[in-house]
Amino acid sequence: MPELPEVETVRRGIESLVVGRRISSVTVGRERSVRRVGREAVIHGLTGTTVTTAGRRGKYLICYLESGDRMMIHLRMSGRVLIHPPDHPRPPHTHVVLTLEPDSREARRSVTHEFRFVDPRTFGEVVVYDPIDERDVLPELGRLGVDPLVDHFDDDVVWRLLHPRRRAIKALLLDQHVIAGIGNIYADEILHRAGIKWDRLASSLSRERVSRLRQSVTSVLNEAVAAGGSTLQDTQYVDVEGETGWFQLDHRAYGRGGLPCLTCGKTTITRVVTNGRSTCFCRICQR
DNA sequence: AAACAAACCTGTGCGC
DNA sequence: TGCGCACAGGTTTGTT
């Protein structure tokens with residue numbers, strides 16, 4: 001579910017509601033959500049400490065702790081972070097709960113809250129680790145590609161990344177080792193706005209078209225972050241306060257198979273399935 | 001190098 | 001109303 005804009009929205013929520021507040025207790029319901037390091041490491045690593053900074057790379061959330069350790073959260077398909085008062089009913093599939101002490105300096109932090117990691121499909125995870133062990137515990141972090149909003153991301157960078165590769169452009173956009181943070185929704189939106197068909201080989205695109213693609217990546221992701229991400233019909237994705245995003249109202253391709261193309265108005269959006277993943281695009285606008 | 005399938009899980013929506 | 005099946009935002013691993 002959550003891609004870069006949704007994860008960034010969660011990161012901002014943690015920044016405003018969690019950073020600086022002591023974690024007084026930790027409970028882990030489902031071991032699977034902490035499978036990487038185990039229940040004890042998560043409980044001992046978090047109890048009594050404080051999140052000092054909330055960071056993100058691609059779809060990985062990384063909270064820096066006062067103890068020197070770090071907490072990595074990946075939401076995968078169905079994970080959510082919710083920050084609510086203890087008397088607010090815990091949703092089903094609440095697997096990890098951190099109790100946050102009040103912070104009298106700010107009204108919305110002045111009472112106890114629970115930081116809840118909720119995840120029906122349990123693909124997501126919470127990892128607490130010493131940064132010295134990062135390479136061993138989270139080897140995939142070291143293999144992440146450039147983050148379009150965190151790293152330097154200009155036409156030259158994107159050209160060098162894409163042009164050498166004889167691979168369908170959508171597959172490259174989705175490849176977290178190349179560019180980190182884009183998933184199925186935003187890949188379709190980015191390609192639609194760039195006017196590029198999903199199966200074009202990256203090596204066949206001109207510098208001008210790669211430049212247009214880079215602009216599309218930047219503008220779509222920034223606009224989506226500004227809108228608080230995309231919440232689809234099932235309302236799976238919400239921010240830490242339970243609010244939906246709004247970028248789905250600006251979708252022009254994703255989920256619009258059979259509906260008119262809002263850009264050209266001359267045809268309908270085509271939906272194809274490859275590798276069990278759906279792709280929506282316009283046969284006229286995208287070539 | 002790249003394409004593809006399967007695996008990890010649960011919930012939802014659809015057709016019958 | 002109930003049942004079975006297809007399908008869903010991600011990522012890794014293994015096979016062609």
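Every chain is numbered from 1 and lettered A, B, ... according to where its sequence line falls, protein lines coming before strand lines. These numbers come from a predicted model, not from an experiment.
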Considering every strand and a 4.0 Å limit on heavy-atom distances, what is the contact class for Arg30(A): base, sugar-phosphate, or nothing?
sugar-phosphate

Between Asp147(A) and the options Arg57(A), Lys59(A), Arg56(A), the side chain to side chain donor-acceptor pair (under 3.5 Å) test singles out Arg56(A)

Kindly express the pairing pattern of DNA chain C in dot-bracket notation, using | wherever a base pairs with another strand and counting only Watson-Crick or G-U pairs under 3.5 Å.
.|||||||.|||||||

What distance, rounded to whole Å, do you find between the two P atoms, one in dA5(B) and one in dC7(C)?
13 Å

Polar contact flag, side-chain donor to acceptor under 3.5 angstrom, Arg116(A)-Thr94(A)
no

Compare the minimum distances between each of dA2(B), dG10(C), dT10(B) and the side chain of Glu3(A), then state the nucleotide with the smallest one.
dG10(C)

Using distance alone, with no hydrogens and no angle criterion, decide if Ser230(A) and Tyr254(A) have a side-chain donor and acceptor under 3.5 Å apart.
no

Mind checking Gly124(A) for me? I need base, sugar-phosphate or nothing, with any heavy atom below 4.0 Å counting as a touch.
nothing

Between Ser25(A) and Thr99(A), do the side chains contain an N or O donor and an N or O acceptor separated by less than 3.5 Å?
yes

Whole angstrom is fine here: how far is it from CG in Leu75(A) over to C1' in dA8(C)?
15 Å

His74(A) side-chain N/O to dG10(C) phosphate OP1/OP2 under 4.0 Å:
no

Write down the distance between CG (Asp199(A)) and C1' (dC4(B)), rounded to a whole number of angstrom.
16 Å

Below 4.0 angstrom from OP1 or OP2 of dC9(B), is there any side-chain N or O of Arg32(A)?
yes

Looking at Arg121(A), I'd like to know whether one of its side-chain N or O atoms comes within less than 4.0 Å of OP1 or OP2 on dG11(B).
no

Select one nucleotide: of dT11(C), dA8(C), dG11(B), the one nearest the side-chain heavy atoms of Gln176(A).
dT11(C)

Classify the ring geometry between Phe117(A) and His95(A) as parallel (under 30°), tilted (30 to 60°) or perpendicular (over 60°).
tilted

Just the rounded figure in Å: distance from C1' of dG10(C) to CG of Leu174(A).
10 Å

For Ile132(A), is the CD1 atom crowded, meaning more than 12 foreign heavy atoms sit under 6.0 Å from it?
no

Stacking between dC9(B) and Phe123(A), yes or no? Criterion: centroid separation under 5.5 angstrom, plane angle under 30 degrees.
no

Mind checking whether Leu17(A) and Glu241(A) have side chains closer than 4.5 Å, heavy atoms only?
yes

Think Thr122(A) has a side-chain N or O under 4.0 angstrom from the OP1 or OP2 of dC8(B)?
no

Under a 3.5 Å cutoff, is there a donor and acceptor pairing between the side chains of Gln248(A) and Tyr237(A)?
no

Parallel, tilted or perpendicular, as decided by the 30° and 60° cut-offs, for the rings of His163(A) and Trp159(A):
parallel

Which is more 5' along DNA chain B, the nucleotide nearest Gln233(A) or the one nearest Arg167(A)? Just name the residue.
Arg167(A)

Proximity to DNA chain C (any heavy atom under 4.0 Å), residues of residues 242-260 of chain A only
Tyr254(A)

Taking only N and O in the side chain of His177(A), is any of them less than 4.0 Å away from OP1 or OP2 of dT11(C)?
no

Among Arg108(A), Arg109(A), Arg21(A), whose salt bridge (Lys or Arg N to Asp or Glu O under 4.0 Å) with Asp103(A) holds?
Arg109(A)

In whole angstroms, the gap separating P of dT10(B) from NE2 of His95(A) amounts to 9 Å

How close or far is atom P of dG10(C) from atom CG of Leu61(A), stated in whole angstroms?
15 Å

Whole-Å gap separating P (dC9(B)) and CZ (Arg35(A)):
8 Å

Any side-chain donor near an acceptor of the partner, Ser24(A) and Glu101(A), under 3.5 Å:
yes

If you look at every strand shown and take non-hydrogen atoms under 4.0 Å, does Arg271(A) touch a base, only sugar-phosphate, or nothing?
sugar-phosphate

Nearest-angstrom distance from the residue atom NZ of Lys170(A) to P of dG10(C)
9 Å

Report the distance from atom CZ of Arg277(A) to atom C1' of dT12(C), rounded to the nearest whole Å.
13 Å

Looking at the side chain of Lys59(A), which of dT11(C), dC9(B), dT12(C) is the nearest nucleotide?
dT11(C)

